[in-house]
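Heads up: the structure comes next, in structure tokens.
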Amino acid sequence: MNQAGLELVGVTKRYGATTAVDAIDLRIAQGTYCCLLGPSGCGKTSTLRMIAGHEAVTTGDILLGAANVTDLPPARRGTAMMFQSYALFPHLSTLDNVAFSLKMRGIDRKTRRAGAMELLRLVHMEAYGERRPAQLSGGQQQRVALARALITKPQILLLDEPLSALDPFLRIRVRTELRRLQQELGIIFIHVTHSQDEAMAVADLVVVMNAGRIEQVGPPRQIFNAPRTEFVARFIGGHNVIDTAGGLIAVRTDRVQVKRNGAAGDAQMRAVVRAVEYQGTHVHLAFETGAARELTALMSDEDFDAEPLAPGESVALSWRPRDVHNLSPGA
């Protein structure tokens, strides 16, 4: 498949007086699995739909390789979109659902069905070619929709909340399959999600969006280990955001040290245990501190069992200077 990087240059989307996407710039290299991550209303789906050509760009440009595709119809962009609802035709077999776009292009029945079967094999659904969508599970329908999107050999596959309809166990299996497929095909996947765990699991590049703007772009580990803004630290989770004399800082919850009788460290504060939750591999602790500030910490079950804590107990919290990240106001 032909591969080309994607670039958004000052892309804006307005709906009347409302700005859904506000002059964003973004580069996605070929062969990248990219997740647009953020809460509802942050602009991620509008961005995806503009890349697909299903929404018109108000201002700005969308470049695919050397081509400006801003004003091209969806069928001429080299992109394919897999919708959240899957949108399979109930009266067609699995094989004919996958082959449908080739039929619309006038490709003969034998050729298009052979191509469809090749894609069904890619998503491990070749044994279900003659079944109707109603005879498939949600995860199987998702794979058929994926094969149908891929049959046009796009340079970019766009996925709008592709795992939201699946149960938690199946979601983990299918996201692993998506990652495998992306690596095998070597094309750009752009995956919209509001799930931090999902983005961290599959993406090479995470784009955190808020209020129509991009807060931070980077690999998952960088986003999690070094959030740039207060919004990113809070949305990604796993961090305490603390207002200090020097400004806002973030400290990972698993890097907070908890001691009943004082604590060593360059930074520390007194706190009272508010809640204790056993969560299997670790224990989640919530604390009350001065100035109505709440902090949390994660302890391994082994460390907690060595020195159990209960609500109402006084503790000292500390962290190493290297675990502190300064935060900017953000978008």
Considering only heavy atoms from C-beta outward, does the side chain of Q142 approach that of P162 to under 4.5 Å? yes

Is there a path of hydrophobic side-chain contacts, each under 4.5 Å between heavy atoms, that joins I62 and L72?
yes

For W319 and R255, the nearest pair of non-hydrogen atoms, with its separation, is CB-O, 3.9 Å

- Hey, mind stepping through L8 and T47 against side-chain contact (heavy atoms from CB on, under 4.5 Å) and telling me if it holds? CA-CA 9 Å; L8 309 185; T47 299; 3.9 Å; yes

### Query
Under 3.5 Å, is there a donor-acceptor pair between the side chain of R274 and the main chain of E288?
no

When rounded to the nearest 0.5 Å, the distance separating CZ of R113 from CG of L102 is 12.0 Å

Item to complete: Report yes if some heavy atom in the side chain of D204 is under 4.5 Å from a heavy atom in the side chain of R179; otherwise report no.
Response: yes

Query - ILVMFWY cluster, V206 and F231 together (side-chain gap under 4.5 Å) - result: yes

| said: Checking the side chain of T193 only, and the main-chain atoms of S195 only, is there a donor and an acceptor separated by less than 3.5 Å? | reply: yes

Nearest heavy-atom approach of N97 to P133 is ND2-CG, 3.8 Å

field: Main-chain N/O of F224 paired to H239 side chain as donor or acceptor, under 3.5 Å
entry: yes

>> Are the side chains of L178 and Y33 in contact, using a 4.5 Å heavy-atom criterion?
In response: yes

I'd like to know whether R180 forms a salt bridge (Lys or Arg N to Asp or Glu O under 4.0 Å) with E177, so could you lay out the CA-CA distance, the side-chain angles of the two residues, the decisive distance to 0.1 Å, and finally the verdict. CA-CA 5 Å; R180 178 190 68 81; E177 279 295 295; 2.9 Å; yes

Interatomic distance, CD1@I24 vs CD1@I214, rounded to 0.5 Å, equals 4.5 Å

*asked:* Can you confirm whether Q135 is buried at CD, in the sense that more than 12 heavy atoms of other residues, nucleotides or ligands lie under 6.0 Å from that atom?
replied: yes

Exercise. Determine whether V202 and C35 make a side-chain contact, defined as any pair of heavy atoms from C-beta on separated by less than 4.5 Å.
Key: yes

> Are the side chains of L150 and I187 in touch, meaning some heavy atoms are under 4.5 Å apart?
Replying inline: yes

Between the CG atom in N240 and the CZ atom in R234, the distance rounded to the nearest 0.5 Å is 9.0 Å

Side-chain donor/acceptor of R77 to backbone N/O of I51, under 3.5 Å: yes

The side chain to side chain contact (heavy atoms under 4.5 Å, CB included) partner of L37 among V192, V207, I236 is I236

d(I190 CD1, I28 CD1) to nearest 0.5 Å is 3.5 Å

Under the 3.5 angstrom rule, does the side chain of T94 hit a backbone N or O of R131 as a donor-acceptor pair?
yes

>> Let's go through H191 and Q182 carefully: what are the C-alpha distance in whole Å and the side-chain angles of both, what is the deciding distance for side-chain contact (heavy atoms from CB on, under 4.5 Å) to 0.1 Å, and is it a yes or a no?
In response: CA-CA 11 Å; H191 175 145; Q182 188 273 333; over 6 Å; no

TODO: Would you confirm whether R252, through its side chain, and D323, through its main-chain N or O, come within 3.5 Å as a donor-acceptor pair?
DONE: no

- Item | Check: Q216 side chain, A226 main-chain N or O, donor-acceptor pair, under 3.5 Å | yes

- Query: Can you tell me if R49 uses its side chain to pair, donor with acceptor, with the backbone of E55 under 3.5 Å?
  - Reply: no

Going by heavy atoms in the side chains, are V258 and L317 under 4.5 Å from each other? yes

In short, R270 meets R260 closest at the heavy-atom pair NH2-O, 4.2 Å

>> Are the side chains of V208 and T229 in contact, using a 4.5 Å heavy-atom criterion?
In response: no

| message | Please check this pair: side chain of H325 against backbone of N225, looking for a donor-acceptor N/O pair closer than 3.5 Å. | response | yes

d(L185 CG, L122 CG) to nearest 0.5 Å is 5.5 Å

**Message:** For D25 and V9: C-alpha separation, side-chain torsions, deciding distance, then whether side-chain contact (heavy atoms from CB on, under 4.5 Å) applies.
**Reply:** CA-CA 5 Å; D25 297 310; V9 183; 4.2 Å; yes

| query | Would you call L295 and M269 a side-chain contact if the rule is heavy atoms closer than 4.5 Å? | reply | yes

Taking every heavy atom of E313 against every heavy atom of P308, the minimum-distance pair comes out as OE2-O, 4.1 Å

Keeping N68 on the side-chain end and L63 on the backbone end, is there a donor-acceptor pair under 3.5 Å?
no

The reported gap from CG in D254 to CE in M299 (rounded to nearest 0.5 angstrom) is 12.0 Å

The single option from R213, K13, R14 that satisfies salt bridge (charged side-chain N to carboxylate O under 4.0 Å, His left out) with D22 is R213

Check whether I107 and V98 end up in the same hydrophobic cluster, where Ile, Leu, Val, Met, Phe, Trp and Tyr are linked by side-chain heavy atoms less than 4.5 Å apart.
yes

